[in-house]
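Notes for the one structure printed next.
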Amino acid sequence: MSAPPPSRHPLPAQPWLVALPLPIPALDFLPPHGSPLGPGPAPVGFRVLVPWRGELSVGVVVGASEGKPNGRLREVVTVLDERPFAHPAFVAALCGLSRLARTPLGLLFSDLLGVGWEARVGHEVRVVPGADLGMFGPKMPGQDWAQAAQFAAPLLDAAREQGLLDERFTPAPRTVTGYRALKEGGASLTLRQTHAWDTLGNTGPLGSQLDWAREAGVSPSVVAQVLARGWAQSVQLPAAPPELPLPSDWTPKPLPDTLPQEAVWRLHGGRERDRYARLAPRTLRLLELGRGVLVLAPDGATLRRAWEELSGLAKVAGTRAVCFSGGLNPAQREHAWDLIGSGEAGLILGSALALAAPHPDLGLIVLLEEASDAHKLLSGSRAFVPELVQRVAAAGDPATGQIPLAIVGCVPAAESLIYPGEVLPPPPLRLHVVDYSAPPEQPELGPLSSPHLKPGDLGYPLSHDLARVLRQVQERGRQAVLLAPRRGYSALLRCPTCQHTPGCPNCDVALRFHQERRALHCHQCGYETVIPDRCDECGDPMWQARGPGTEWIVQEVKKLLPGMPVYRHDGDHQDDLSALAAGKSGVLVGTQGVLSLDAPPNLALIGLTLADTWLNISDFRAGERYHRLLRQLVAWHPGRSPLTVVQTFQPGHPALTCLLGGQDAGFYPAIEVRAREGLGYPPHRLLTYIEVAARDRVRAAQAAQEVADTLHGAGAAEGEVLGPAPSPLARVRGVYPYQLLLRTRSEDRLNELLGSLDRRFAARVRVDVSPRGMG
DNA sequence: AGCACGCCGACT
DNA sequence: GTCGGCGTGCTC
């Protein structure tokens with residue numbers, strides 16, 4: 001950070017590879033001349049300032065350049081850090097993924113490094129002694145150091161490129177605007193104003209006019225007058241460290257550490273709190289040894305609960321816990337990062353953004369709910385966090401090697417079963433299945449089955465069984481939660497005469513019906529329209545709703561239980577649930593998102609109104625996802641086991657029946673692993689999704705075929721390439737996507753095949769090496 | 001991502 | 001004759 005002496009290095013230094021937060025590959029820059037870091041190895045994970053399009057931009061050093069030094073390279077202007085800003089294992093993981101997935105490294109960095117892209121430095125410039133900047137115009141730096149901000153950045157860069165600019169950088173802590181008393185002022189002050197001025201002089205600078213007024217015991221208008229009359233001025237003061245979320249007081253009672261010692265291990269089953277209790281002794285021991293523990297959660301709700309359960313351990317171990325996620329403001333992020341990098345905070349809990357955490361000695365990474373789809377980033381890189389976490393753990397520390405990885409969650413992903421570990425026993429279960437498909441002589445599936453129902457007389461969308469227990473909930477003043485498979489009133493609106501369903505003009509999907517807004521809404525692109533009076537196919541004025549959504553269920557419950565408070569919680573609408581949280585009787589209707597809330601304390605009943613929606617998705621993970629939802633539901637309440645009613649047309653699905661059979665959380669994933677063997681699905685093969693899309697349908701189809709031909713030309717075997725096929729949504733946001741799937745045995749093989757696609761095609765080609773939620 | 005360059009349609 | 005659409009290519 002000090003001024004580089006204006007001497008030139010005689011040796012041609014090896015360029016550094018620098019990632020910028022842009023969707024481009026890492027670029028080469030020469031080390032800063034005169035820097036002590038110059039001739040040594042590239043400072044991986046350190047941030048640098050580099051010339052970029054006439055200005056300066058922050059980048060992260062990812063390694064030494066492999067190519068031969070190109071004569072026209074620019075130099076790094078300064079190194080911003082004194083220790084790695086991103087963990088070297090994180091950098092290595094991103095480089096590896098970037099190579100395999102053909103994702104620009106900069107895109108991965110901008111998605112996954114959530115702090116530090118703003119250089120917090122003072123920047124001063126002057127002309128190199130003896131040089132003349134006159135050719136750049138009149139307003140250029142002179143012999144004395146001056147703030148760089150006064151000069152035009154492109155002109156400074158031109159001088160920099162010519163080697164005519166001397167620059168120095170100094171750490172610039174965050175500041176806040178404050179107020180300081182001046183000895184001399186302008187117009188004279190009143191009595192009160194003099195008092196305010198006096199107070200400010202005695203206390204020293206204060207952070208705001210309001211603080212100042214409060215301190216002096218006067219009204220804010222008085223201090224404003226002191227300022228206006230020139231007896232005080234605003235100054236930049238170093239900002240106090242921002243407040244970070246407080247750790248919880250709670251610590252789990254000490255248990256012996258019986259967890260595995262392997263490099264990668266897992267812990268599944270039981271209730272969430274049981275798993276944290278088992279994890280606590282290992283975490284505590286590592287923290288006491290001064291090592292770091294990083295816990296990664298897929299979503300805000302899981303992170304909040306992990307923070308509740310684990311953050312109290314840090315204090316016991318004599319260190320600090322920090323929470324790092326998108327919820328922090330920039331000042332908090334910088335402060336938390338500083339605490340991590342210095343080793344002051346040993347326990348780090350966070351979202352994917354915490355994966356870069358530069359703790360100097362990580363002793364364990366804990367990945368929560370590895371099967372959750374929320375681990376799939378929705379932003380540009382579409383990275384899958386568990387895949388990255390594995391790479392980070394494997395890359396490890398140059399000194400200590402692989403970082404141990406613990407995979408912890410409700411139900412193991414089929415991919416996790418290869419690792420050693422433990423499955424905790426399931427919590428007590430009270431489950432009742434309502435069979436919508438069955439004639440009445442079906443055997444009883446639970447304590448509340450009604451053997452005398454006639455077909456078609458089961459009740460829909462609330463079955464008679466569910467209605468009866470709902471009435472009991474009301475009579476006894478208890479609480480119930482009903483899950484509907486979707487928001488809105490119903491899945492779709494259909495003409496009973498001609499079966500026509502209004503579709504989205506942009507996306508070729510059926511529009512969802514929203515009763516409340518009297519609107520048809522596309523859940524794909526957001527298109528919204530009013531409900532047409534008549535079917536635009538046959539002109540019939542009648543419409544019929546199909547497939548219950550939250551609005552419909554709310555309406556049914558209100559009809560069934562007059563006087564019972566009914567609340568709704570979904571993506572469109574969140575009622576105030578404080579009455580439920582206080583234990584008052586009521587029914588909550590929501591989508592799967594209600595699982596991110598704390599279970600209502602008096603919960604006696606959970607109803608899954610139409611389970612089949614989780615199975616009808618054409619995705620080979622549908623069964624796994626459905627099973628996980630069921631397990632999460634029955635383990636939701638931390639202390640009791642509410643009656644769970646599942647209404648379904650497929651009561652024999654193993655994802656459901658294995659719960660009734662008392663199997664543990666590892667049982668169903670093992671079934672999945674066996675079933676997927678013959679299908680060539682993960683974990684037996686790596687699945688890669690390739691999308692070829694263009695505005696013009698024919699061009700997209702031809703390019704997709706060309707991609708397939710290229711893969712076959714590169715030696716792809718029968719069964720390694722599937723497709724191309726038009727996407728199930730024939731048109732999305734105005735483009736026609738075609739899709740291909742690769743099923744490869746190994747990463748090397750995948751890399752080989754993808755290598756053949758490293759050229760231009762007549763349509764946009766996108767590769768996803770960890771696809772989720774597709775057929 | 002931005003931003004420039006470049007090549008074809010509707011307009012002051 | 002230009003203005004402007006977005007396809008293609010580059011940034012060290």
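In what follows, chains carry the letters A, B, and so on, assigned in the order in which the sequence lines appear, proteins first and then strands, with residues in each chain numbered from 1.
In summary, the side chains of Glu167(A) and His123(A) do present a donor paired with an acceptor at a separation below 3.5 Å, with no hydrogens or angles considered. Remark: the Glu747(A) side chain and the Asn751(A) side chain contain no N/O donor-acceptor pair separated by less than 3.5 Å.
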Q. Run the salt bridge (charged side-chain N to carboxylate O under 4.0 Å, His left out) check on Arg621(A) and Asp373(A) step by step: do they pass?
A. CA-CA 10 Å; Arg621(A) 282 189 240 265; Asp373(A) 290 326; 5.6 Å; no
Q | Test salt bridge (charged side-chain N to carboxylate O under 4.0 Å, His left out) applied to Arg72(A) and Asp28(A), step by step | A | CA-CA 10 Å; Arg72(A) 301 211 303 271; Asp28(A) 288 342; over 6 Å; no
(Q) salt bridge (charged side-chain N to carboxylate O under 4.0 Å, His left out) for Glu118(A) and Arg333(A)? Distances and angles first, verdict last. (A) CA-CA 12 Å; Glu118(A) 200 186 328; Arg333(A) 291 184 196 202; over 6 Å; no
Using the 3.5 Å cut-off, write out each protein N or O paired with an N or O of nucleotides 3-9 of chain B and the distance between them.
unit_1, atom_1, unit_2, atom_2, d
dC3(B), O4', Arg53(A), NH2, 2.9

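Regarding Leu20(A), its CG atom lies at a distance of 11 Å from the C1' atom of dA1(B), rounded to whole Å. Distance, Asp111(A) CG to dA1(B) P: 11 Å, rounded to whole Å.
Along DNA chain C, read 5' to 3', the first and last nucleotides having any atom under 4.0 Å from a heavy atom of chain A are dG9(C) to dC12(C).
Atom CD of Glu243(A) sits in a sparse spot, with 12 or fewer heavy atoms from other residues, nucleotides or ligands closer than 6.0 Å.
Residue pairs that meet the ring-ring contact (aromatic ring centres under 6.0 Å, His included) test with at least one member in residues 92-111 of chain A, sequence neighbours left out, are Phe90(A)-Phe109(A).
Seen from the ring of Phe384(A), Arg382(A) does not count as a face-on cation partner, given the 6.0 Å and 45° thresholds.
Within the 4.0 angstrom heavy-atom criterion, no nucleotide atom of any strand lies near Pro21(A).
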